[in-house]
There are 2 protein chains.
Amino acid sequence: METNNSATIEDVARLAGVSIATVSRVVNGKSPVVPETAQRVLDAVRALNYVPRAAARILASKHTNTLGLIVPEISGEFFAPMLRGIEAAAGEAGFDLLIHTTSYKSLETHRHTLGEHNTDGLLVFIDSMELAELTRLNSIGFPIVFLHQTAPAGLNIPVVTVENKKGAMLAVEHLIEVHHCRRIVYLSGPEGNEDSGWRERGYRLALEKHGIPFDPALVLFGNFLSKQAERTISAVLQASLEFDAIFSGDDLAAVGAMSALREAGLRVPEDVKMIGFDDIPLARHLTPPLTTIHAPTEEVGRMATNLLIRLVRRETVESEILLPTELTIRQSCGCRAL
Amino acid sequence: METNNSATIEDVARLAGVSIATVSRVVNGKSPVVPETAQRVLDAVRALNYVPRAAARILASKHTNTLGLIVPEISGEFFAPMLRGIEAAAGEAGFDLLIHTTSYKSLETHRHTLGEHNTDGLLVFIDSMELAELTRLNSIGFPIVFLHQTAPAGLNIPVVTVENKKGAMLAVEHLIEVHHCRRIVYLSGPEGNEDSGWRERGYRLALEKHGIPFDPALVLFGNFLSKQAERTISAVLQASLEFDAIFSGDDLAAVGAMSALREAGLRVPEDVKMIGFDDIPLARHLTPPLTTIHAPTEEVGRMATNLLIRLVRRETVESEILLPTELTIRQSCGCRAL
DNA sequence: TTATACTATGTAAGCGCTTACGTAGAGATT
DNA sequence: AATCTCTACGTAAGCGCTTACATAGTATAA
């Protein structure tokens, strides 16, 4: 937008009969200004509908007051709450949010769209940034916080994520202890996904703890996607794989798996018990209502943002924050409704 | 971030042995530069890892290359696809996206966070902006596009939305013609919501067309929310309201309604037929899979963004775009699976 | 050859702020 | 009353770009 028509700091200064420095001071609430003067300035600001040009501010002050968020793709169910948390925390602290998704472009063309030149700090979600760029930013001390993924070796970047392993153990132990399941499928996330890795570790640990041998054939590919999970479960059903329960790496995959089960004439939880992970809003509305590991996703967004802001302010911060997960019992695991 | 360490256009100019103007020209690909010179500049850019400071650019050129998006709240299921469309379209055209939600602040404190001083144009979703500010922006010719809501009288702001009325008619007629329903509940959205208004009009029209008298008692409050819909349906079930079908103003409410029905021991579709609106990704995974009106939400985001960009470029644009909705038959209406 | 028209590049004036520094005047100190 | 402090405010120097304008150099036309 051509902004040459709207009021600048100079117009305000003229109308209020002060210098532009004073206007700046009043607007930013810094250094003392006599109340009467301040009031005159404020009146002028209102009269002229003055809004400081962000660009001029940034250029002069050298900080952007903007946080960047890089995500591979905005996939609704899971990401929306996190985004809500991020947006809220950023907004409350007076920061703007610049969002970039890497889905429709290669990482390469994305190299420099977000960085020290247009943001004060970056929130980076899973695999959405090149290591070289990350290393460069980290080396110049640019504030970065990772979401749901620990930093590559050598980089000093804090992470905010959830207790994946503990959550998974909770789920699998519930299946074993309460429902006496022995052959439990683990529906994994995308190849190399860290959340999924930890959840699988929790799964294995729980089996081990109860003396159930780990069977690799029971680890299936769900890709954190309803569609993929549905396809996978259909396929193994076809191949008559035997199992009495499914622990799904995330709720969406659980949804897909339940569709496949229903399609095959199997009932949840009578024939197959099911537990998910994340606790998306719709989980309780599924049929049967989905027992799942509740993950405080919105809180992850908030925490990460607050952490980043502290980093921007050059405060020291913890290098890892693990938010608690808990078992939310509904009916898909075989428990009765409350 | 203090950016005083990283390279500026001057460093590049010095290294390449040209003036900063030439660097600017090469970087922006404007006005002709001899290939050899250009190459020298490009080499210098690469060597110094030069990235133009956005703020300086904006200040000098007077446009921000940024689009603003104002939404009341980022509610996952429905909004995520739209956001994906917006992000994609903006990204492809080389625009950044600045997002503001109005949920956690009053509209008043939000007055000037997004506007002509930091964006080239604004995407405004339902009721998320004060009329006064809207009027001011419109009067100075600032580009704005509305999503799912027509502009207030007197303002010349284009809208992108979907064929609500037609979609609703499709749904209700299907219920009447194919499944012989006569007492169809309409589960409305939030008070004053335009989408819901049109959907209700479509509902009434369909009834009228088939000679079914309109019964105000059948218009229930769903608020486009699972929880509210669940509560409402529970309540009317308690009060033994009679109905043989529910046309829900959106899928989330349909989900809640189905929970309430199940809770009351009623089966869908045997006892109550159900059709939703929007076709959220989970619709097909519900039990039974939800028959719904498919709305091209992502496409709405894309279209609106492209429209806005054309507005930013001072091209003329259509004042209203209505994207087609269509009936997606699954099983909740009583049709058999395909 | 000389005038004419481009073309590629340089020069410099801002864009609208923030902020280090300077200064006048009021109050405190002697 | 003279000196010293502080405080409130003004002055002015950039921040790193874009772009109108100027200019040197080259190609074209006469």
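Hydrogens, waters and symmetry mates are skipped; everything else that's a heavy atom, side chains included, is used. Nothing here was measured: the structure is a model prediction, and the numbers come from that model.
Of the candidates D:dA8, D:dG16, D:dT11, the closest approach to any side-chain atom of B:Arg53 belongs to D:dG16.
The two residues B:Pro152 and B:Phe146 make their nearest non-hydrogen contact at CD-CE2, 3.8 Å.
Under the salt bridge (Lys or Arg N to Asp or Glu O under 4.0 Å) criterion, A:Glu10 pairs with no residue at all, not counting sequence neighbours. A search for salt bridge (Lys or Arg N to Asp or Glu O under 4.0 Å) contacts involving A:Glu320 returns nothing, not counting sequence neighbours. Applying the salt bridge (Lys or Arg N to Asp or Glu O under 4.0 Å) rule to B:Arg25 yields no partners; only residues at least two apart in sequence or on another chain are considered. Under the rule for a salt bridge (Lys or Arg N to Asp or Glu O under 4.0 Å), the partners of A:Arg14 that lie at least two apart in sequence or sit in another chain are A:Asp11. Partners of A:Leu123 by side chain to side chain contact (heavy atoms under 4.5 Å, CB included), not counting sequence neighbours, listed by chain and number: A:Leu69, A:Ile86, A:Val145, A:Leu147, A:Ala304, A:Thr305, A:Leu308. For A:Ile321, the side chain to side chain contact (heavy atoms under 4.5 Å, CB included) partners are A:Val160, A:Met303, A:Leu307, A:Glu318, A:Leu323, not counting sequence neighbours.
The separation between A:Glu10 atom CD and D:dG10 atom P is 13 Å, rounded to whole Å.
Summary of the strand contacts: B:Ala56 and B:Val33 both lie near DNA chain C, and taking for each the nucleotide with the nearest heavy atom, the more 5' one is attributed to B:Val33. Projected onto DNA chain C by closest heavy-atom contact, A:Leu59 and B:Ala38 fall at different nucleotides, the more 5' of which corresponds to B:Ala38.
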Return the polar atom pairs (N/O with N/O) between nucleotides 19-25 of chain C and the protein under 3.5 Å, or none.
from: C:dT19; atom 1: OP2; to: A:Lys30; atom 2: NZ; distance (Å): 3.4

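Helix bend of the helix from C:dT1-D:dA30 to C:dT30-D:dA1: the angle between its two end axes, each built from five pairs, comes to 40° after rounding to 10°.
Applying the salt bridge (charged side-chain N to carboxylate O under 4.0 Å, His left out) test to every pair with at least one member in residues 296-308 of chain B, sequence neighbours left out, gives these pairs: B:Arg84-B:Glu298, B:Glu92-B:Arg302.
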